[in-house]
Every structure is written in structure tokens, then in C-alpha cells.
Amino acid sequence: MIERIETGERSSKIVKHNGVAYLTGQVAEGETIQEQVRICLSKIDTLLEQAGSSRENMLRVTIWLADMKDFAGLNEVWNAWVPAGHAPARACGEAKLARPELKVEFIVDAACN
């Protein structure tokens, strides 16, 4: 069975299937990469809880940076947020994002109830 949560015209915030929650891409506005990352990770925490999951249950995270020069700033916030011993599989690349002010986008898959 597939469960869709907060489904809109274009996408669902969460899609659950066979014990995995797939979160829609998370972006945020902010002046610095660190600020955008903090806001995105807070939004991810909310979605994980809504999906019946948590940071400890993340399976895979894909991160898109508008500019790889922000990699160190991303990791500064990310490393403090990921629970010790529960780091997911992760990929990070550079991509042109939907709006010029966006510096980062996160895509998360997590085990869930």
C-alpha cells in the first residue's frame, strides 16, 4: 500500500511504501548556507516525525548545492545534526536549483512505521 501525506497538485510532502518514507525536496531561504541548512534540517525533522520516523532512521540523503564552495558550511551544520552512529548513506553534488537565492536542497529517504 502507498500512503501519500500532504498531497498537492505537483507533489506529496511524504510518500510511504513498504516501511520507507520518501520526503519531498527541502529548501529554505536565508542569507548563508548555514542558515539555509539549519532551516531545511528543521523542516526534515518535522516531516520525519509526521512520517513516524526520525533522524536515527534515515537511510539515504541526497544533497544538492548550488555551488560546491558551500560544502564546508553545509557539513558544519550537518555534522552537528546527524546523530552519532546513525549517519545515512549520503550523496552531495552541485546543481542549478529552482530559484537563484536557494543554496541547498535535501532529499531524504527514511525507514518508518
Side-chain angles (χ1 to χ4, degrees):
M1 179 176 137
I2 298 172
E3 178 184 357
R4 299 175 198 283
I5 300 170
E6 292 191 45
T7 300
E9 179 182 352
R10 188 168 298 133
S11 68
S12 298
K13 297 258 181 169
I14 304 164
V15 175
K16 294 170 69 172
H17 178 65
N18 283 343
V20 177
Y22 303 90
L23 308 185
T24 193
Q26 296 300 303
V27 297
E29 293 185 20
E31 294 300 314
T32 67
I33 186 65
Q34 292 90 341
E35 185 179 357
Q36 287 194 17
V37 170
R38 279 187 202 94
I39 294 166
C40 286
L41 296 179
S42 175
K43 291 163 90 176
I44 290 167
D45 278 333
T46 299
L47 290 172
L48 287 170
E49 183 177 338
Q50 191 175 358
S53 190
S54 67
R55 294 179 199 178
E56 291 80 4
N57 292 324
M58 290 186 300
L59 302 170
R60 177 176 53 191
V61 176
T62 303
I63 305 168
W64 294 112
L65 289 170
D67 191 325
M68 286 304 289
K69 73 175 173 44
D70 288 328
F71 189 68
L74 156 73
N75 284 329
E76 173 187 321
V77 179
W78 170 265
N79 292 345
W81 180 79
V82 172
H86 297 279
R90 184 183 116 162
C92 184
E94 184 176 274
K96 185 172 183 176
L97 301 180
R99 297 189 314 271
E101 63 272 16
L102 299 176
K103 298 178 183 296
V104 65
E105 181 168 2
F106 290 84
I107 303 165
V108 177
D109 303 334
C112 65
N113 300 329

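Interatomic distance, SG of Cys40 versus CD of Glu35, reported as 10.5 Å (0.5 Å rounding). Atom-to-atom distance recorded for Ile44:CD1 and Ile39:CD1 is 12.0 Å, nearest 0.5 angstrom. The NE2 atom of His86 sits 5.5 Å away from the CD atom of Glu56 when rounded to the nearest 0.5 Å. Atoms CD1 and OG1, from Ile14 and Thr7 in turn, are 9.5 Å apart once rounded to the nearest 0.5 Å. Atoms CG and CD, on Asn75 and Gln34 in that order, are 10.5 Å from each other to the nearest 0.5 Å. Between the CE atom in Met1 and the NE2 atom in His17 there is a gap of 11.0 Å [rounded to 0.5 Å].
Shortest non-hydrogen contact noted between Ala21 and Ala51 is CB-CB, 3.7 Å. Shown here for Val61 and Pro88, the closest heavy-atom pair between the two residues is CG2-CG, 3.7 Å. Val37 approaches Trp78 most closely through the heavy-atom pair CG1-N, 4.5 Å. When all heavy atoms of Thr32 and Lys103 are compared, the closest pair comes out as C-CD, 3.9 Å.
Residues Asp67 and Glu94 have side chains in contact (heavy-atom distance under 4.5 Å, counting atoms from C-beta outward). Two residues are said to be in side-chain contact when any heavy atoms from C-beta on lie closer than 4.5 Å; Phe106 and Leu23 fail this criterion. Using a 4.5 Å cut-off on side-chain heavy atoms (C-beta onward), Leu74 and Ile63 make contact. Residues Lys13 and Gln50 have side chains not in contact (no heavy-atom distance under 4.5 Å, counting atoms from C-beta outward). Residues Gln26 and Leu47 form a side-chain contact, since some pair of their non-hydrogen atoms from C-beta on lies under 4.5 Å apart.
By the criterion of side-chain heavy atoms lying less than 4.5 angstrom apart, applied directly or through intervening Ile, Leu, Val, Met, Phe, Trp or Tyr residues, Leu102 is grouped together with Ile107 in one hydrophobic cluster. Val27 and Ile33 are not part of a single hydrophobic cluster, where members link through side-chain heavy atoms under 4.5 Å apart. Val108 and Val15 sit in two unconnected hydrophobic clusters of ILVMFWY residues. Membership requires side-chain heavy atoms under 4.5 Å apart, directly or through other members. Linking ILVMFWY residues whenever their side-chain heavy atoms come closer than 4.5 Å, directly or via other members, leaves Leu97 and Phe71 in distinct clusters.
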Would Val104 and Asp70 count as a side-chain contact (heavy atoms from CB on, under 4.5 Å) here? Give the steps.
CA-CA 9 Å; Val104 65; Asp70 288 328; over 6 Å; no
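Within the 3.5 Å criterion, the main-chain N or O of Ile5 finds no donor-acceptor partner in the side chain of Ser12. The main-chain N or O of Trp81 is found under 3.5 Å from a side-chain atom of Arg55 such that the two form a donor-acceptor pair. Looking only at distances, a side-chain donor or acceptor of Gln36 sits under 3.5 Å from a matching main-chain atom of Gly30.
Atom CZ of Arg4 is surrounded by 12 or fewer heavy atoms from other residues, nucleotides or ligands within 6.0 Å.
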